[in-house]
Amino acid sequence: AAKQAGLKLNIYICPIDQYFPGVPNTLVEQMPNCCVTARDGRHKLAVASLAYPQVRTWLLDYYRDIFTRDFADVVVYPNCHAWYSYPLDTPDDWFGFEEPAVEDYRRATGIDVRKDPFDIDDYYTHYGSYWTLLLKALADAQQRRGGRLIVGLDMGGWQGYLPWGATDWRAS
């Protein structure tokens, strides 16, 4: 009906929102040891961590099917409903300390974030590089099929949507 009306359809996806209780074959169910981990190394969220290469590979394979469908642009949003399952008083800088991210940061800086003092903003800039790797791969796939990848941003009370490459979204 949209085609007949001359409309192009977009699809909205949240790549890391892959866990819903009772839904089989989710990424979290398949890779429970690859979830976002707390600074203490013990607490995990039901959110797959992009710090694991196998998680990014799984997501790219998962979304290959989407790219074969008749959609124009693909909107990718980094939000996840599983975050809401953790207590509200959890510090903002408590998650994102999966072993691959901690080790990559140690190799790059010499700092072990589990033991040494460190700049949390610098660490999270490093941690965000995994999201950038996934977005770049998705954008490349979209570009090959003639569409755009649009990245959603949560800016407090506002949400913004920018085409990949339109600006440096990390600086926002």
Could you give the distance from [atom1] ([X]) to [atom2] ([Y]), rounded to the nearest 0.5 Å?
| X | Y | atom1 | atom2 | result |
| --- | --- | --- | --- | --- |
| R39 | F95 | CZ | CZ | 11.0 Å |
| W94 | D40 | CH2 | CG | 4.5 Å |
| F67 | D65 | CZ | CG | 10.5 Å |
| D73 | K8 | CG | NZ | 7.5 Å |
| D112 | R107 | CG | CZ | 12.5 Å |
| Y130 | L133 | OH | CG | 8.5 Å |

Task: Chi angles and distances behind the side chain to side chain contact (heavy atoms under 4.5 Å, CB included) call for T68, R64 - done: CA-CA 7 Å; T68 65; R64 265 194 195 104; 5.9 Å; no
Just wondering, do [Y] and [X] contact through their side chains at under 4.5 Å, heavy atoms?
| X | Y | value |
| --- | --- | --- |
| L135 | L149 | yes |
| N10 | V74 | no |
| V76 | L138 | yes |
| I111 | R106 | no |
| L45 | C35 | no |
| V75 | I11 | no |

Open item on the list: Does I120 form a side chain to side chain contact (heavy atoms under 4.5 Å, CB included) with V113? I'd like the steps, not just the answer.
Closed with: CA-CA 9 Å; I120 190 67; V113 295; over 6 Å; no
Short side-chain to backbone donor-acceptor contact, [X] and [Y], under 3.5 Å:
| X | Y | answer |
| --- | --- | --- |
| E98 | G41 | no |
| S129 | T125 | no |
| R56 | W131 | no |

Of the non-hydrogen atoms in [X] and [Y], which two are nearest, and what is the gap between them?
| X | Y | value |
| --- | --- | --- |
| D104 | H126 | CB-CE1, 3.4 Å |
| R148 | Q142 | O-NE2, 2.9 Å |
| D116 | F118 | O-CD2, 3.4 Å |
| A46 | V28 | O-CG2, 3.7 Å |
| P100 | A51 | CB-O, 3.5 Å |
| C34 | Y52 | CA-CE1, 3.4 Å |

Open item on the list: Apply side chain to side chain contact (heavy atoms under 4.5 Å, CB included) to residues E99 and R114 and explain how you reach the verdict.
Closed with: CA-CA 10 Å; E99 198 55 43; R114 295 202 193 265; 4.0 Å; yes
Open item on the list: For Y127 together with Y105, are the ring centres under 6.0 Å from each other?
Closed with: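 Not close enough - the centres of the two rings lie 6.0 Å or further apart.
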Task: Residue Q143 excluded, over 12 heavy atoms near CD under 6.0 Å - done: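 No - once you tally the heavy atoms of other residues, nucleotides and ligands closer than 6.0 Å, there are 12 at most.
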Open item on the list: Parallel, tilted or perpendicular: which one describes the rings of Y124 and F97, with boundaries at 30° and 60°?
Closed with: tilted
Task: Sidechain N-carboxylate O distance under 4.0 Å for D140, R144 - done: no
Open item on the list: Please identify which of these residues, L27, V36, T37, meets the side chain to side chain contact (heavy atoms under 4.5 Å, CB included) condition with V47.
Closed with: V36
